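Below you'll find the structure, written out as structure tokens, and then a few comments.
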Amino acid sequence: MPGASLYTVRHLRRAASLKLVEMTQGGSWVQCAKALDIPESRARSALNKLRQQFGDSDLWSRFEANTERLAHHLDDLPQRINYAHRRRILAEWHMPRADWSDLIKDLPQARRLTARYGTALATVLVWTEATQSDYLLCPYIQSLRSSGADPDHLINEISQFFTPANRRGIRLEILRRIGDYAAAVSAVCMHDGAAHKDGPLRDREQLVSGLCLSE
């Protein structure tokens with residue numbers, strides 16, 4: 001990819017997702033975007049940016065061939081993760097304050113780094129990891145926009161965790177713990193757990209809330 005960047009990766013992931021849906025159920029890219037809960041404007045932007053980068057080269061045909069190989073790989077998997085199910089379960093879930101406090105209790109630097117947003121930042125990071133989705137599409141961020149609030153500062157803080165140069169030190173440790181927490185959340189989702197806004201996820205036997213992930 002000429003001039004590839006983090007934005008290129010985001011655009012490729014969106015375009016590949018749209019292409020996979022198109023291969024599965026047909027329809028226009030607008031319909032495919034709707035099936036994936038990707039706003040039409042963002043889907044259009046991703047496709048336009050990629051076409052500009054691809055230019056007159058053979059990159060678009062290579063992109064389609066790679067997506068085709070990915071589809072065959074997914075077809076051959078004995079079991080696939082239902083990420084749409086996870087997105088539905090986590091649509092209104094927020095990280096409980098008790099869980100966030102427990103997760104960073106021995107990281108005073110983390111308390112200072114995340115003092116402004118705390119559980120809001122953690123909510124988006126966990127959702128992103130558990131659903132393997134784009135953090136910009138997190139329902140919490142979308143709800144801030146729809147309510148008239150400006151999420152740009154929160155988005156900027158979150159983006160620091162996905163910038164390679166910043167994925168070190170305390171941010172890297174927070175991401176590691178978020179990953180452990182998200183794995184526990186994902187396990188609950190796999191067992192048809194129910195999500196409660198501003199509260200822990202529950203399944204038949206256990207609470208995600210109270211997990212000690214700072215060992």
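Note: hydrogens, waters and symmetry copies are ignored here, and every other heavy atom, side chains too, is used. Not measured: the values here are computed from a predicted model.
Of the inter-residue distances, the one linking Leu12 atom CG with Ser17 atom OG reads 10.5 Å to the nearest 0.5 angstrom. Between Phe161 atom CZ and Leu175 atom CG the span is 6.0 Å, to the nearest 0.5 Å.
Nearest heavy-atom pair, Glu22 versus Gly27, reported as atom, atom and distance to 0.1 Å: CG-O, 4.0 Å. Nearest heavy atom pair, residue Asn166 against residue Gln160, reads ND2-OE1, 2.6 Å. Taking both residues in full, the closest heavy atoms of Arg10 and Leu136 are given as NH1-CD1, 3.3 Å, listed atom of the first, atom of the second, then distance.
In this structure, Leu107 and Arg177 have side chains that are in contact, with non-hydrogen atoms separated by less than 4.5 Å. At a threshold of 4.5 Å between non-hydrogen side-chain atoms, the residues Val124 and Tyr117 do not count as touching. The closest side-chain heavy-atom distance from Trp100 to Leu103 is below 4.5 Å. Side-chain contact between Val185 and Trp127 is absent, with no heavy atoms from C-beta onward closer than 4.5 Å.
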Next item on the list: Could you walk me through whether Leu36 and Arg14 pass the side chain to side chain contact (heavy atoms under 4.5 Å, CB included) test, one step at a time?
Entry: CA-CA 9 Å; Leu36 293 169; Arg14 286 181 183 169; over 6 Å; no
Margin query: Under the criterion salt bridge (Lys or Arg N to Asp or Glu O under 4.0 Å), I'd like the reasoning laid out for Lys105 against Asp102: C-alpha separation, chi angles, the key distance, then a yes or no.
Written below: CA-CA 5 Å; Lys105 65 182 179 182; Asp102 188 51; 3.3 Å; yes
Item checked: Leu137 vs Asp37, side chain to side chain contact (heavy atoms under 4.5 Å, CB included): CA-CA, chis, key distance, verdict -> CA-CA 8 Å; Leu137 303 180; Asp37 296 326; over 6 Å; no
Check: Which is it for Phe162 and Thr128 under the side chain to side chain contact (heavy atoms under 4.5 Å, CB included) test, yes or no, and what are the steps along the way?
Finding: CA-CA 11 Å; Phe162 295 95; Thr128 301; 4.0 Å; yes
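Both Val30 and Leu47 are members of a single hydrophobic cluster when ILVMFWY side chains are connected at heavy-atom separations under 4.5 Å.
One finds no salt bridge joining Asp134 and Arg13 here, because no Lys/Arg side-chain nitrogen approaches an Asp/Glu carboxylate oxygen to under 4.0 Å.
The backbone N or O of Asp150 sits nowhere less than 3.5 Å from a side-chain atom of Arg145 that would complete a donor-acceptor pair.
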